[in-house]
Number of protein chains: 2
Amino acid sequence: MDLFNHLGELALGSRLKRLSDQIMRDGSRIYQANDIKFEPKWFPVFYLLSEHAPLGVTEMSQDLGVSHAAVSQVVRELLQKKLITGVMDPSDGRKRLLSLSESGSELLPKIKELWNDIAVAIHEMINSHQSNIIDSIREVENSFSEHSLDERVALIIQERCLDQVKIVPYSEDLAEQFKSLNYAWIQKYFQVEEMDELVLSNPGNHIVAEGGQILFAQLDGKIVGTCALIKLDDDSFELAKMAVDEKYQGRQVGKKLGLAVIEAARKRGAKQVILESNKKLIPALNLYKKLGFVPICTDHQKSMYQRANVSMQLELT
Amino acid sequence: MDLFNHLGELALGSRLKRLSDQIMRDGSRIYQANDIKFEPKWFPVFYLLSEHAPLGVTEMSQDLGVSHAAVSQVVRELLQKKLITGVMDPSDGRKRLLSLSESGSELLPKIKELWNDIAVAIHEMINSHQSNIIDSIREVENSFSEHSLDERVALIIQERCLDQVKIVPYSEDLAEQFKSLNYAWIQKYFQVEEMDELVLSNPGNHIVAEGGQILFAQLDGKIVGTCALIKLDDDSFELAKMAVDEKYQGRQVGKKLGLAVIEAARKRGAKQVILESNKKLIPALNLYKKLGFVPICTDHQKSMYQRANVSMQLELT
DNA sequence: TATTTATACGTAAGTACTTACGTATATTAT
DNA sequence: ATAATATACGTAAGTACTTACGTATAAATA
């Protein structure tokens, strides 16, 4: 009958809300039935003040894990109902020290008795089950305080995207793609230099034949990115000419290419991979960092490219 | 740090709300980050329609366990965003049959992929714990569907009240209390009859000396109720003159007195207890029923009291 | 057949939070 | 000492539900 039973994890949020709404409504009825003019939403603030007064609004919001605005609104109501009182902190003019009022303290024993009854009712119900909801909630809360749900989902999506990207090797018929993918970013951020023109027009000769390698990233059968590994000497290779189609950026194409190129270098017995880039290319630099590259100092006057103003290196163990 | 950890059961409602709010907010961010124009609150309705269309508003509200108004509002938004369409049911002019629209169906595969990622994220988190929150919630939901929290609390309060009521036996100095407690209700609902005057003015002679018994209920040291057991013959006793101070009604005083009187009858070897009452005294009749009395037919012309128009009997085994 | 009652739905207003923004005071940096 | 920044708090508006109420249609009853 109940969709949520079938849906499980997905509807966790809606389900928690439904349950909490019900408990809150029942709570309201409990106070009414016992002729106590009290609302469930006042409970956290009122209880806190009954145990640890005096407290300020912000202090309570931290203790309760809700916004200060929520506390402020409850405090306003409780002041209106004369259940609490507040005086300005003499040592801090911004802060208001709140405590139970006289009538609040008078209410306390009666309402504490009721709270105890409620605790017993919930306790009896919970302890008749195998799994304890309080423990489960605490665990979920702890997990969420480590990583929020959106962070967790972002990671899973990244992994999924990474799996979807296929790496394919160089072949003559992909030479044109290698050129156009690289022209796109070079023209967007810089200017095509003589060296670009030379290498991109004949990658087979200038990269592959020289002991290097060119890899392509494929998504749904379409070439969406590329990256080259250029041989410098027996121990050193350069990661260069990484390009990802703008429409597919953020889908882990670059990461997959980077990992594949590093793996290729490792297979060829490289001890290090270096690269040159430009400070403007912030997403690219972040990716290099994530791949394990660390910045190194070099004389960029010697570089083949004018745009080079950053060098990075990855030691392979 | 967190008050709720210390409070346990009592703050269950606030705590569930806090958690659900967080999940909903994260959910909103997830859709945004993936460039899907969708809100978490749409999920239950949209999902339901993707699986079981066409459906009406009320049908969905039942499946989801929320009010039809909530569904109606979500439906209005989804219609506005053109994600669903609705046509009037040809066989029922009140009902609107809702289904995914074309653009809704187009969105479906993309959003389903995301739902799957979310489910995986939550699943991974949950399954790294000992106790499963989904199971806990289901159990709590089931418990609440049997008895709501306010019902459970009401029962506990009843028991607590029952424990607080002390039963004390008759003594001459309580005779005046026996009279005034009974006068109160008789004068409120009926008129004091000759027989009342006789019995209430000298209960020692007319009840106790005749083989009966009078019990009093004490709350915080104060006499707040009374009830008599009148001997009819060796096998039969009558429960009579039950009276509870109006200020203490609803605090299980009558129940405690009734139970005590029945117990006293049992001890004296009674095979049955009967009573006479009046249809107007609805709370009293409910109590008698709860104590196990069942209505019997008798000729009330023969009764000692004009107000008697109901008779009840309890068989003691 | 006429009338009452039940159902399906919509809208308005309330609730208990949130985010966003503004103000006053305190703290830190220059 | 002055300016910039941080903190404590309040208020307004938004959110995702609720309850309460109103309307149209269907079903039940007289």
Side-chain angles (χ1 to χ4, degrees), chain A residues 4 11 13-29 31-32 38-46 54-80 86-98, chain B residues 4 11 13-29 31-32 38-46 54-80 86-98:
Chain A
F4 290 159
S14 307
R15 201 164 180 178
L16 286 169
K17 178 156 177 48
R18 200 176 64 174
L19 189 53
S20 106
D21 282 348
Q22 199 191 327
I23 294 178
M24 292 304 204
R25 275 198 300 283
D26 285 359
S28 180
R29 269 191 228 106
Y31 290 121
Q32 252 176 43
F38 199 84
E39 295 180 28
K41 70 164 157 174
W42 297 344
F43 169 74
V45 167
F46 192 78
L55 290 168
V57 169
T58 306
E59 279 171 292
M60 287 196 276
S61 83
Q62 279 162 357
D63 287 346
L64 298 172
V66 297
S67 67
H68 82 272
V71 174
S72 182
Q73 287 163 29
V74 169
V75 161
R76 184 172 49 195
E77 281 181 47
L78 285 171
L79 282 169
Q80 228 167 54
V87 290
M88 292 318 280
D89 187 333
S91 69
D92 187 340
R94 298 164 302 176
K95 197 170 162 184
R96 205 153 51 139
L97 294 173
L98 298 157
Chain B
F4 291 160
S14 306
R15 201 162 179 178
L16 288 168
K17 178 157 179 47
R18 199 177 64 174
L19 189 53
S20 105
D21 281 350
Q22 199 190 328
I23 294 178
M24 292 303 202
R25 274 198 301 282
D26 284 0
S28 181
R29 269 191 228 107
Y31 290 121
Q32 252 176 43
F38 199 83
E39 296 180 26
K41 69 164 159 176
W42 296 346
F43 169 74
V45 167
F46 193 78
L55 290 167
V57 169
T58 306
E59 278 171 293
M60 286 196 275
S61 83
Q62 279 162 358
D63 287 346
L64 298 173
V66 295
S67 67
H68 81 274
V71 174
S72 183
Q73 286 163 29
V74 169
V75 161
R76 184 174 45 195
E77 282 180 47
L78 285 170
L79 283 169
Q80 228 167 53
V87 290
M88 293 317 281
D89 187 333
S91 69
D92 187 338
R94 299 165 301 176
K95 197 171 162 185
R96 207 154 51 140
L97 294 173
L98 298 157

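Each chain gets a letter, A, B and so on, in the order its sequence line appears, and its residues count up from 1.
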Review point. When you match Pro40(A) and Gly93(A) each to their closest nucleotide on DNA chain C, which lands nearer the 5' end?
Key: Pro40(A)
Check your understanding: Between Ala69(A) and Val71(B), who's closer to the 5' end of DNA chain C by nearest nucleotide?
Key -> Val71(B)
Phosphate OP1/OP2 of [N]: any [X] side-chain N/O under 4.0 Å:
X: Arg94(A); N: dT23(C); answer: no
X: Ser72(B); N: dC9(C); answer: no
X: Arg25(B); N: dC17(C); answer: no

Review point. Any donor-acceptor pair under 3.5 Å linking the side chain of Ser61(B) with the backbone of Thr58(B)?
Key: yes
Please determine, for the side chain of [X], which listed nucleotide ([options]) has the closest atom?
X: Val74(A); options: dT11(D), dC17(C), dG10(D); answer: dC17(C)
X: Arg76(A); options: dT11(D), dC17(C), dG10(D); answer: dT11(D)
X: Val57(B); options: dT18(D), dG10(D), dC9(C); answer: dC9(C)

Rounded to whole angstroms, how far apart are [atom1] on [X] and [atom2] on [N]?
X: Leu16(B); N: dA16(C); atom1: CG; atom2: C1'; answer: 15 Å
X: Leu55(A); N: dC9(D); atom1: CG; atom2: C1'; answer: 15 Å
X: His68(A); N: dG22(C); atom1: NE2; atom2: P; answer: 14 Å
X: Phe43(A); N: dC17(C); atom1: CZ; atom2: C1'; answer: 17 Å
X: Lys95(B); N: dA6(C); atom1: NZ; atom2: P; answer: 20 Å
X: Arg15(B); N: dC17(C); atom1: CZ; atom2: P; answer: 15 Å
X: Lys17(B); N: dT15(C); atom1: NZ; atom2: P; answer: 14 Å
X: Gln62(A); N: dA8(D); atom1: CD; atom2: P; answer: 7 Å

For the student: nearest non-hydrogen atoms of [X] and [Y], plus distance:
X: Pro54(B); Y: Leu97(B); answer: CB-CB, 3.9 Å
X: Val75(B); Y: Met60(B); answer: CG2-CE, 4.1 Å
X: Met24(B); Y: Gly13(A); answer: CE-C, 3.8 Å

**Study point:** Residue mapping more 5' on DNA chain D - nearest nucleotide basis, Asp92(A) or Asp21(A)
**Key:** Asp92(A)
Review point. Which part of the nucleic acid, if any, lies within reach of Gln73(A) when heavy atoms closer than 4.0 Å are counted: base, sugar-phosphate only, or nothing?
Key: base
Practice item. Just call it for Thr58(A): base, sugar-phosphate, or nothing, with non-hydrogen atoms closer than 4.0 Å on any strand. Key: sugar-phosphate
Exercise for review: Evaluate the salt bridge (Lys or Arg N to Asp or Glu O under 4.0 Å) criterion for residues Arg29(A) and Asp26(A): first the C-alpha distance (whole Å), next the side-chain angles of each, then the deciding distance (0.1 Å), finally the verdict.
Suggested key: CA-CA 5 Å; Arg29(A) 269 191 228 106; Asp26(A) 285 359; 2.8 Å; yes
